[in-house]
Amino acid sequence: MQDAIKEAAREIAEAKNLVVLSGAGISVESGIPPFRGPGGLWEKIDPMKYANVDYFLKNPAEVWQVLIKDMKEVLDHAQPNDAHLGLARLERLGILTTIITQNVDGLHQKAGNTDVIEFHGTFAWQYCLDCSKRIPTSEVNLSQIPPYCECGGILRPDCVFFGEMIPTQDLYRSQQLSAACDIMLVIGTSALVQPSAHMPVIAKNSGAKIIEINPARTPLSSQISDLIIMGKAAPSMNSLMDEINSLQ
Ligand code: NAD
C-alpha cells in the first residue's frame, strides 16, 4: 500500500485539475454508516425499499420512522474526518477543483471545499410535498411522524431517492468535469449506483488517471482504476497528504 500512496502522491502533486468522486465510505469514520459493506444499513434494512421514491410516497410515516429519523439523528452530530479535511487542503493547494459526491451529509462543505456537486441532493433541507416550501432539517419537529409543513403537507428530504432522476444540471456538469480532469480520485464508493459510477469511466476514457481509495475492491478496481490504495479513507488520506506535503 505504501508504494501506491507514494505513486499517487507524485501524480496528485503534479495534477492541474483533480476531481473527486466520493461515496458513503468517506463518511464512515465520521460515524455515518454506509449502505453496503460491514456495518452498513443494508444489514438492518433494505435501502432499495426504504430509499425508493414510490415506497416513500405510499408509506411516508414508515420511511420516516425506519430510515429518515435515525439519519437526522446521526447527521445532526456528524463532523468531517481527516479524509474530508485532506480534500479541503487539496483545494487550498490549487490541485482539487470539484468534488462530485453521492453523499447527502454536507461534510465536504463543512470541511471547507467550495465546489461540491451533491449528485444525490442534500439532507440539510426538507421540502413540502404540497407547497414545496423548503425547511432546514435541523428545524424539523419530529414530535409527529411524518413531520408536516405548516400548510399540512408531508415533508421529505431534498435527496434523490432511488427511482428519481439526477438533476439535469448536476449530471451534465459532472459529466463535463469528469471528461476534463487529469486525475479522478474515487473515495469510498461501491461504484454500484448509476449514473454516478459512470463518472470514473468517462474520466478514464478521456485520458485521466483513476486513483481509488477503498478498503474493499469494487467493479472499478480491475478495469478502471490505475492505482488502488486499499485502506480506510481517513488514514489513507493522512498518509497521502504527508507524502504530498513532502513533495511541495
Ligand atoms: P455504498 O454504501 O454502496 O458503499 C460504501 C463503500 O465504502 C464500499 O465500497 C465500502 O467498501 C467503502 N468503505 C467502507 N468503509 C470505508 C472507509 N472507512 N473508508 C473508505 N471506504 C469505505 O456507498 P455509495 O457507493 O456511496 O452508494 C450508495 C448510496 O448511499 C449513495 O447514493 C449515497 O447517497 C447514499 N448514502 C449516503 C450516505 C452519506 O451521505 N454519508 C450514507 C449512506 C448512504
Side-chain angles (χ1 to χ4, degrees), residues 1 4-5 20-53 63 66-68 70-87 99-111 116-125 137 157-167 170-171 174 185-200 211-222 224-225 228-240:
M1 183 163 117
I5 287 174
V20 168
L21 174 68
S22 69
I26 196 172
S27 296
V28 165
E29 288 148 279
S30 293
I32 306 174
F35 275 174
R36 300 171 185 82
L41 288 174
W42 217 283
E43 289 175 352
K44 296 188 206 137
I45 61 161
D46 180 357
M48 293 302 275
K49 174 176 161 188
Y50 287 106
N52 184 287
V53 67
V63 176
V66 173
L67 180 66
I68 309 176
D70 286 354
M71 264 182 95
K72 173 171 158 47
E73 184 59 32
V74 173
L75 296 192
D76 273 353
H77 299 105
Q79 294 299 325
N81 65 51
D82 284 352
H84 300 101
L85 297 172
L87 296 181
I99 297 177
I100 304 166
T101 188
Q102 298 164 83
N103 296 343
V104 295
D105 55 34
L107 293 183
H108 288 304
Q109 296 92 321
K110 233 181 188 175
V116 180
I117 299 177
E118 294 181 302
F119 207 78
H120 293 159
T122 175
F123 197 78
W125 291 86
T137 302
D158 196 4
C159 302
V160 178
F161 279 67
F162 289 118
E164 292 185 303
M165 300 286 286
I166 305 297
D170 290 340
L171 178 59
S174 298
L185 181 56
V186 181
I187 310 182
T189 176
S190 60
L192 291 171
V193 178
Q194 293 292 356
S196 45
H198 193 58
M199 299 306 132
I211 301 173
E212 194 179 7
I213 301 178
N214 199 312
R217 290 181 72 79
T218 74
L220 300 174
S221 304
S222 52
I224 299 295
S225 298
I228 302 172
I229 299 171
M230 290 276 292
K232 293 182 175 180
S236 302
M237 274 303 293
N238 280 338
S239 305
L240 197 55

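Whatever order the structure lists them in is the order used to number ligands and atoms, beginning at 1. Here the structure is a predicted model, which is why all the values come from computation and not from measurement.
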Apply side-chain contact (heavy atoms from CB on, under 4.5 Å) to D158 and list each qualifying residue two or more places apart in sequence or on a separate chain.
T122, W125, Y127, R134
Can you list the steps and then say if I100 with S196 is a side-chain contact (heavy atoms from CB on, under 4.5 Å)?
CA-CA 9 Å; I100 304 166; S196 45; 6.0 Å; no
Given Q102 and L21, is the side-chain contact (heavy atoms from CB on, under 4.5 Å) satisfied, shown in steps?
CA-CA 8 Å; Q102 298 164 83; L21 174 68; 4.2 Å; yes
Counting N and O atoms only, with roles assigned by atom type, does the side chain of [X] sit under 3.5 Å from a partner on the main chain of [Y], one being a donor and the other an acceptor?
| X | Y | answer |
| --- | --- | --- |
| E212 | S225 | no |
| N81 | I26 | yes |
| K232 | V28 | no |
| D105 | L107 | yes |

Among all protein non-hydrogen atoms, which one is nearest to [atom], and what is the separation to 0.1 Å?
| atom | result |
| --- | --- |
| atom 11 (O) of ligand 1 | N214 OD1, 2.7 Å |
| atom 21 (N) of ligand 1 | P215 CD, 3.2 Å |
| atom 37 (C) of ligand 1 | N103 OD1, 3.8 Å |
| atom 28 (C) of ligand 1 | R36 NH1, 3.6 Å |
| atom 34 (O) of ligand 1 | Q102 O, 2.4 Å |
| atom 30 (O) of ligand 1 | F35 CD1, 3.1 Å |
| atom 13 (N) of ligand 1 | G25 CA, 3.6 Å |
| atom 23 (O) of ligand 1 | A24 CB, 3.5 Å |

4.5 Å side-chain heavy-atom contact, [X] and [Y]:
| X | Y | value |
| --- | --- | --- |
| I213 | L240 | yes |
| K49 | V63 | no |
| E29 | D82 | no |
| V160 | P167 | yes |

Within the structure, does [X] bring an N/O atom to less than 3.5 angstrom of an N/O atom in ligand 1?
| X | answer |
| --- | --- |
| A233 | yes |
| G188 | yes |
| P34 | no |
| H120 | yes |
| I213 | no |

What atoms of ligand 1 come closer than 4.0 angstrom to any heavy atom of [X]?
| X | result |
| --- | --- |
| E29 | 17 (C), 18 (N), 19 (N) |
| S27 | 41 (N) |
| G23 | 26 (O) |
| D105 | 39 (C), 40 (O), 41 (N) |
| A216 | 11 (O) |

Test side-chain contact (heavy atoms from CB on, under 4.5 Å) applied to T189 and T218, step by step:
CA-CA 8 Å; T189 176; T218 74; over 6 Å; no
Sequence-distant partners of F123, ring pair (Phe, Tyr, Trp, His ring centres under 6.0 Å), two or more places apart
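Once residues adjacent in sequence are excluded, F123 has no partner under the ring pair (Phe, Tyr, Trp, His ring centres under 6.0 Å) criterion.
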Heavy atom under 4.0 Å from ligand 1: found in [X]'s side chain, backbone, both, or neither?
| X | value |
| --- | --- |
| T189 | both |
| I32 | side chain |
| K232 | both |

Any atom of ligand 1 sitting under 4.0 Å from a heavy atom of V193?
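Yes, V193 has heavy atoms under 4.0 Å from ligand 1.
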Of all the heavy atoms in P33, does at least one lie under 4.0 Å from an atom in ligand 1?
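The answer is yes, since P33 has a heavy atom less than 4.0 Å from ligand 1.
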Begin from the C-alpha positions of E118 and Q109 and carry the test side-chain contact (heavy atoms from CB on, under 4.5 Å) through to its verdict.
CA-CA 10 Å; E118 294 181 302; Q109 296 92 321; 3.0 Å; yes
Nearest-option assignment for atom 40 (O) of ligand 1, heavy atoms, candidates N81, V104, I229
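Closest candidate by heavy-atom distance is V104.
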